[in-house]
Amino acid sequence: MTTFDKPAKTLDDHLVLLKARGLRIPDEARARHYLPNISYYRFSAYTRPFYIPNEGDHRFLPGTTFDDILTLYIFDRELRLLLLDAIERIEVSLRAQMTNLLAERYGPHGYLDAAVFNDGFDHGRLLQTLDRECGGKEVETFVNHYRHKYTDAPGYPPIWMSMELLTFSTVSILFAQLRQKSDRKHIEAVYGWPFPVLRSWFRALSDLRNKCAHHMRIWNREFGVSPLLPRERHHPVDWPEIDHAIPVHSTRHPGQTIDAQKRLYMHLVVIGYLMRVVCPESQWKARLRELMDRYPAVSRTHMGFPADWQAGVFWRQER
């Protein structure tokens, strides 16, 4: 067992440490502004690509500046915002499709019947979630209106209200747990992909959405929940390359490769295809290309991008 004995450091301590490791800070006032507002710990996650390989002590590559690291941090922030913009549209679409499906086939309160979902689904937990959302101090106005106007009605709101109270993760679970094959086929027809693929994609995007919403690092992350790679027979004609062994070209980790399916690139492909359905007029892919072009120094490899990713038909066309 190792005892934790790291003392807390002040801003001055952190600046001294960064300089001692060889970081150039030409504008110290700028560093003194950003570090307290970002936090040294969060900032330090973006310093790793700038260290000299194969050294026990952290030493920055010669010429590395504070702004080199800050630029990578800002890129990651802009990337998160771009991802949230698309995922919001996909999430709202899934909510709407599930609402329409359940309301039309089972009635406004049909979702209260556990038989609509698989036997393994924890239906009681769904109701507990709605109890919390409907019983707190800040209850949505539409829930209060329902309860006061309809005194002879089920205690839970109709599905089109309840769906608005659930997280993306819970909505994706409801989809994944639909019992009837005809229900699953209906959603398949909307988005144009097989049920197992959509089930995986929505789960992965809900996880990515949470990471973005909590301001976690997205660049150079290996995701624990990865979107399922569709079988080749389901690939559209413009399906892009997904490389399972991208060389890192690092002297620190010789021979290391990156699997694009476990990195951000696969999520971007998923978003691109779903946005075709959800918002076909969107210029989201063009905005992604523009963001990447503005930050040429950011490593694409660590996000799982193939070397010539923009040359593919999928990324060149908007629809």
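Values below: every heavy atom of this structure, side chains too, minus hydrogens, waters and symmetry copies.
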Inspect the surroundings of NZ in K211 and state if more than 12 heavy atoms from other residues, nucleotides or ligands are less than 6.0 Å away. yes
In terms of ring plane angle, is the pair H123 and F121 parallel, tilted or perpendicular, where the classes change at 30° and 60°? perpendicular
Regarding E78 and Y295, is there a side-chain donor-to-acceptor distance under 3.5 Å anywhere? yes
A side-chain contact here means heavy atoms from C-beta on lying under 4.5 Å apart; do M303 and M292 qualify? yes
Say you draw a straight line from CG of L82 to CD1 of I218; how long is it, rounded to the nearest 0.5 Å? 12.0 Å
Here the pair of heavy atoms bringing W201 nearest to L228 is NE1-O, 2.9 Å
May I ask you to decide if the ring planes of Y146 and H109 are parallel, tilted or perpendicular, using 30° and 60° as cut-offs? tilted
Report the relative orientation of the aromatic rings in Y51 and F60; use parallel for angles under 30°, tilted for 30 to 60°, perpendicular for over 60°. tilted
Would R209 and F168 count as a cation-pi pair here, with the cationic atom under 6.0 angstrom from the ring centre and within 45° of the axis? no
Whether the side chain of H148 engages the backbone of N144 through a donor-acceptor N/O pair (distance < 3.5 Å, no angle test) should be reported. yes
Classify the side-chain pair D238/Y273 by whether it contains a donor and acceptor separated by less than 3.5 Å. yes
With a 4.5 Å limit on heavy-atom distance, are the side chains of M266 and D259 in contact? no
Side-chain contact, heavy-atom cut-off 4.5 Å: R30 with D67? yes
A quick test of your reading: do over 12 heavy atoms of other residues, nucleotides or ligands sit less than 6.0 Å from CG of D293? yes
Can you tell me if R80 has over 12 outside heavy atoms packed within less than 6.0 Å of its CZ? yes
If you measure only the distance, is there a donor-acceptor pair under 3.5 Å linking the side chains of T10 and D13? yes
Considering residues, nucleotides and ligands other than Y150, do more than 12 of their heavy atoms fall under 6.0 Å from its OH? no
Would you call R89-D85 a salt bridge at under 4.0 Å N-O? yes
Within a strict 4.5 Å, meaning less than it, do heavy atoms of the N220 and Y46 side chains meet? no
Calculate, to the nearest 0.5 Å, the distance between atoms CD1 and CD1 belonging to I87 and I271 respectively. 4.5 Å
Starting at CE of M98, measure out to CG of L102 and round the result to the nearest 0.5 Å. 4.5 Å
Considering residues, nucleotides and ligands other than R21, do more than 12 of their heavy atoms fall under 6.0 Å from its CZ? yes
Euclidean distance, F195 CZ relative to D183 CG, rounded to 0.5 Å: 10.0 Å
Taking all atoms of both residues into account, what is the closest heavy-atom pair of R42 and S39, and its distance? N-OG, 3.1 Å
Compare all side-chain heavy atoms of Y40 with those of L18 and state whether any distance is below 4.5 angstrom. yes
Rounded distance (nearest 0.5 Å) linking atom CG of N118 with atom CD1 of I173: 12.5 Å
Strictly by modelled atom types, are D113 and Y106 linked by a side-chain donor-acceptor pair under 3.5 Å? no
Distance (rounded to the nearest 0.5 Å) between L23 CG and L15 CG: 9.5 Å
Please work out which of the three classes, parallel, tilted or perpendicular, describes the rings of W315 and Y265, given edges at 30° and 60°. tilted
So which atom in A45 and which in R217 form the shortest heavy-atom distance, rounded to 0.1 Å? CB-NE, 4.0 Å
Shared ILVMFWY cluster between I25 and L11, side chains joined below 4.5 angstrom? yes
Is there side-chain contact between L127 and L112, with heavy atoms separated by less than 4.5 Å? yes
Candidate pair Y191 and L94, rule side chain to side chain contact (heavy atoms under 4.5 Å, CB included), full reasoning: CA-CA 10 Å; Y191 295 105; L94 181 61; 4.1 Å; yes
Hydrophobic cluster membership, with links at side-chain heavy-atom distances under 4.5 Å among I/L/V/M/F/W/Y: are L268 and M216 in one? no
Among the clusters formed by ILVMFWY side chains lying less than 4.5 Å apart, do L70 and L17 turn up in the same one? yes
If the plane angle is over 60° it's perpendicular, under 30° parallel, otherwise tilted; pick one for H302 and W219. tilted
S226 and S200 have their tightest heavy-atom pair at O-OG, 3.6 Å
If the threshold is 4.0 Å, N to carboxylate O, is there a salt bridge linking E28 and R32? yes
K185/E188 salt bridge by N-O under 4.0 Å criterion: yes
Take atom CZ in R105; do more than 12 heavy atoms of anything else shown fall under 6.0 Å from it? yes
Tell me whether the guanidinium CZ or amine NZ of K285 lies under 6.0 angstrom from the six-membered ring centre of F314 and within 45° of its axis. yes
Given side chains that start at C-beta, do those of L79 and L264 come closer than 4.5 Å, heavy atoms only? yes
Mind telling me whether F175 and F202 have parallel, tilted or perpendicular rings, with 30° and 60° as the class edges? perpendicular
Would you mind reporting whether P49 and L72 have side-chain heavy atoms less than 4.5 Å apart? yes
